[in-house]
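Note sheet for the following structure.
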Amino acid sequence: MSQLRVSNISKSFGALRVIDTFDLNLSAGDRHAVIGPNGAGKTTLFNMISGWIPPDTGTIEIEGLDVTGHPPEKITQSGLARSFQKNTLFDGLTVAESLRLAVQAHSPVRFNFFQPARRFGGLQQRAHEIARQMELEDVFENEVRTLSYGQKRQLEVGLALACEPKILLLDEPAAGTSPAERATLVRLLTTLPDNMTLLLVEHDMDVVFGVCTQITVLNYGRVVASGTPEEVRADPEVRAAYLGESAGHGEA
Amino acid sequence: MTFFLFNLLNGLQLSMLIFLMAIGLTVIFGLMDILNLAHGAFYMIGAYFGYVVFQATGSFWISLAIAPLLPLVLGFLLQYFVLQPLIDRGRSAHLDMALLTFGLLFFVIGLIDFIFFETLGLTFMSIDKPAGLDSYINIGTFYPSYRLFIIAVGFAVALLVWVVLERTVIGAVVRAGVDDREMVRAMGVNVYFVFAAVFALGCGLAGLAGVVAGAELSIDINMGVQILIPTLVVVVLGGLGSVKGCFYGAMIVGMTETLSQAYVPALALFATYMLLAAMLVFRPQGFFGRAPKTV
Amino acid sequence: MQETTEENWAASVDTDSSRHDPLDRTALRDQRNFLVISAIGLVVLVVAPLVVSDFYVSLLTEILIFGLLVSGVNLLLGYTGLVSLGHAAFMGIGAYTTAIGTSLLDFPVWAMMICSVLASFLIAYGVGILSVRTKGVQFLLITLAFGEMFHAIAEKSRVTGGDDGMTNIPRIDLEFLGLDADHDRVFYFFVLACFVIAMAVLRRVVVSPFGRVLVGIRENEKRMLAVGYTAFPYKALAFAISATLGGLAGSLWVQHGFFVNPHLMTWQMSGEALLMVIIGGSQAFFGPLLGAAFYVLTKDFLSDLTEAYLLFFGLLFVLVVAFFHGGLAGFAATLARRMRRGSAKQEGDQ
């Protein structure tokens, strides 16, 4: 059964058609990337799938359940979690507190308002596991604002991961990172559980080719090509529209 | 009928007074994201300084010309040397500035109380209406000519603000800034100077309203707080940052306050607040405000 | 570059082996600090009325009552990041509920105190549902609007004496304990008991999973939605709980002064509540109490010199917002941290 099915969605802002009849069908464990030049509509697409913007037309289904038009928190509760291109973190909290909050959102204790949260050791345990997974163990008790940029990007992914999603949407996880930080990210993303579905928007081809097995190329809101990395790389239209040097870079 | 006309004009007069206050508040918010709760303080400063100038010169007109300059200058200094540096140091514009200017309002009220009441022993003061505007005009009913003057001043300022915003370079910069703050930064103009200038003009208009009000209403320690509430209502109704909305909002609030007082006194105190609450519940961005960005 | 960071990490692991322990040590340390500070504070609050003059007992009572109100305000301001300019109205609702029930309807005071708490909770929950959909400045304005609406009702209502308010409100009957609450010291201890209970409840709330959600909303509401929280019910409940403390404060306030008038509900009063929170320190649990103490005592001290106390508080408020975001409590904490670090450094040097 398909885990995420996006059928025929479109979005216009004024006269500008940002996404034009887009389709996507992901099964459990897929590693899919959406690439395309700036303004291709990638972030809008993400915002629609994760519930931040309602699509003009079309439907979005998670595990056969229609979630079109649901607000972001409902979508997350349905098993789809996302990260943000621009760090959207709890700057004044520690890594531990941040991750714990995300874990708690999917625990039955989230409405408990009369028992000390520290009694629920499971939250802390799980937060710590995710910190270890995202290689943030050593800064676990540090305030988020004191983290390095690369660590903040790791926490971005960690917060989405803490929602125990079946489908993980990552919006340019490597945006603004150094080559070393990027290498760490690719390493971390390749260790995600096999049955977790991953949808990635990314500019950096090292990350895309390092992590994903399926690629959709978007330009001016339309799908230009889609297929395996090899197919996409070979596609003349893609080379012309977008990849150019990056494709060669990816092969190197 | 004449009773209605009388109240209509009273409503218009109040609308114009509130408009003079609200226009500065809303443009400052639209451009700088600062909810300047000290706006009521600048109104008071205008009125009290107007009273001082009037006592010294005996002329309403000199007072009207000079008194708004003090809040204007103080407004410039406040924005350029206090608020902007704080925002640059990472104080969030939104809430910290609202709190800070709120403290400033308290401070100014305390200061005026200390100077005028405790030291000079003055409580309720007023500025004498100038010759020619101190009588009644027969327009079907006998109506105080000074209130017509207030209406005229309001319309004149509204027209002036419209011309400045729509027809001048600085107006273009301000309009662009209200729509998209980042754009002004990118345009390479000295943004901080524009900010401070707009802030100063807003405060100057509040001061002008203070002087004008000082000859009609009494000058007392509660005047700043009293006008601030309807002003805030206007700004919310019109939409934070919207000049057009500010004008219509002022009309609605001025009329609601006056007409409810005249016809349904039991509702007089509530009407405005109910308007405000209803607006915020059903359409928080106001009549002409931009819809909040979702992402 | 990479290597040095790793060395630093290694070093920090060596000196502090607790880092890898998944136990929530921050919360445990916080709880310990809280218990120590509460114990010290409680001793001070119990001993103080026994050694000061009658006049200061009355001031202490005022501090506790304002402490209740502003601790409630702080649940919104400090924990959730919402600035309400209408909270005095809920103090007023508590005050008028008690006043009407006892002096007009002859119900016992204890029953009316319970009614006050319930009334303020329910009304605030309704107002909260309507208000918390807005944010930032809009929230500030909508709470102002609701607050002033309640103020207008109190001012207009003839049953409650309009602008003059109501007088001769009785205090709670403590005869079953053999005590007479008309004695200020007895009443003080009654207020203290209410205060301790309310603060214990509030403490439970802020350290609960619910309380942590509020902090998350303050830090980044957008992210809270993204990780799957529906922020709305949390904010509405926080609003109601915060107003309930105000309601209790109001009920005690009428008993303390034997009277109530609409001035208690003005937005200036709400503003002064914000002032107490900010001056005391909005990020600390007991910051508001410090702020209330500072406010009441300084106002009393200043009133000998001038009626224009707002001159001073306004300026102080501006300075605290601009430069000392932690307020008095934050200042004390920084001082304590410096001293600890200083002594730790000395040990390290040796």
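For the numbers below, each heavy atom of this structure counts, side chains included, while hydrogens, waters and symmetry mates do not. Each chain gets a letter, A, B and so on, in the order the sequences are listed, and its residues count up from 1.
Across all their heavy atoms, F106(B) and E272(C) have their closest contact at CE2-CG, 3.8 Å. The two residues A145(C) and A277(B) come nearest to each other via the heavy atoms CB-N, 4.1 Å.
Rounded to the nearest 0.5 Å, atoms CD (Q138(C)) and CG (L276(B)) are 10.0 Å apart. Considering CG of L228(B) and CH2 of W267(C), their distance stands at 4.5 Å, rounded to 0.5 Å. The structure places CZ of F282(B) at 7.5 Å from CG of L130(C), a figure rounded to the nearest 0.5 Å. Atom CG of L104(B) sits about 9.0 Å away from atom CG of L315(C), to the nearest 0.5 Å. Put simply, CD on E148(C) and CG on L232(B) are 11.0 Å apart, with the number rounded to the nearest 0.5 Å.
Heavy atoms of L83(B) lying under 4.5 Å from chain C are absent altogether. If you measure heavy-atom distances from L85(C) to chain B, the contacts under 4.5 Å come from the side chain alone. Contact annotation for I278(C): only side-chain heavy atoms (C-beta onward) come within less than 4.5 Å of a heavy atom of chain B. Only the side chain of I229(B) comes within contact range of chain C, with heavy atoms under 4.5 Å apart. Heavy atoms closer than 4.5 Å to chain B are found in the side chain of E155(C), but not in its backbone. For chain C, no part of M279(B) is nearby; none of its heavy atoms comes within less than 4.5 Å. Both the backbone and the side chain of L100(B) have a heavy atom closer than 4.5 Å to some heavy atom of chain C. Both the backbone and the side chain of I142(C) come within contact range of chain B, with heavy atoms under 4.5 Å apart. The part of F146(C) that comes within reach of chain B is its side chain, from C-beta onward, which places non-hydrogen atoms under 4.5 angstrom from that chain. Using a 4.5 Å cut-off between heavy atoms, V236(B) contacts chain C through its side chain alone, with no backbone atom that close.
More than 12 heavy atoms of other shown residues, nucleotides or ligands fall within 6.0 angstrom of atom OH in Y263(B). Within a 6.0 Å sphere centred on NZ of K135(C), heavy atoms belonging to other residues, nucleotides or ligands number 12 at most.
Residues L310(C) and F107(B) form no side-chain contact, since every pair of their non-hydrogen atoms from C-beta on lies 4.5 Å or further apart. Counting only heavy atoms from C-beta outward, the side chains of L274(C) and L99(B) approach each other to under 4.5 Å. L140(C) has its side chain within reach of L35(B): a pair of non-hydrogen atoms, C-beta onward, lies under 4.5 Å apart.
Chain C forms more heavy-atom pairs under 4.5 Å with one residue of V233(B), V225(B), V281(B) than with any other, namely V225(B). Note on V82(B), D113(B), I221(B): by heavy-atom pairs under 4.5 Å with chain C, the leading option is D113(B).
The aromatic rings of F102(B) and F317(C) sit perpendicular, their planes meeting at an angle over 60°, well past the 30° parallel limit.
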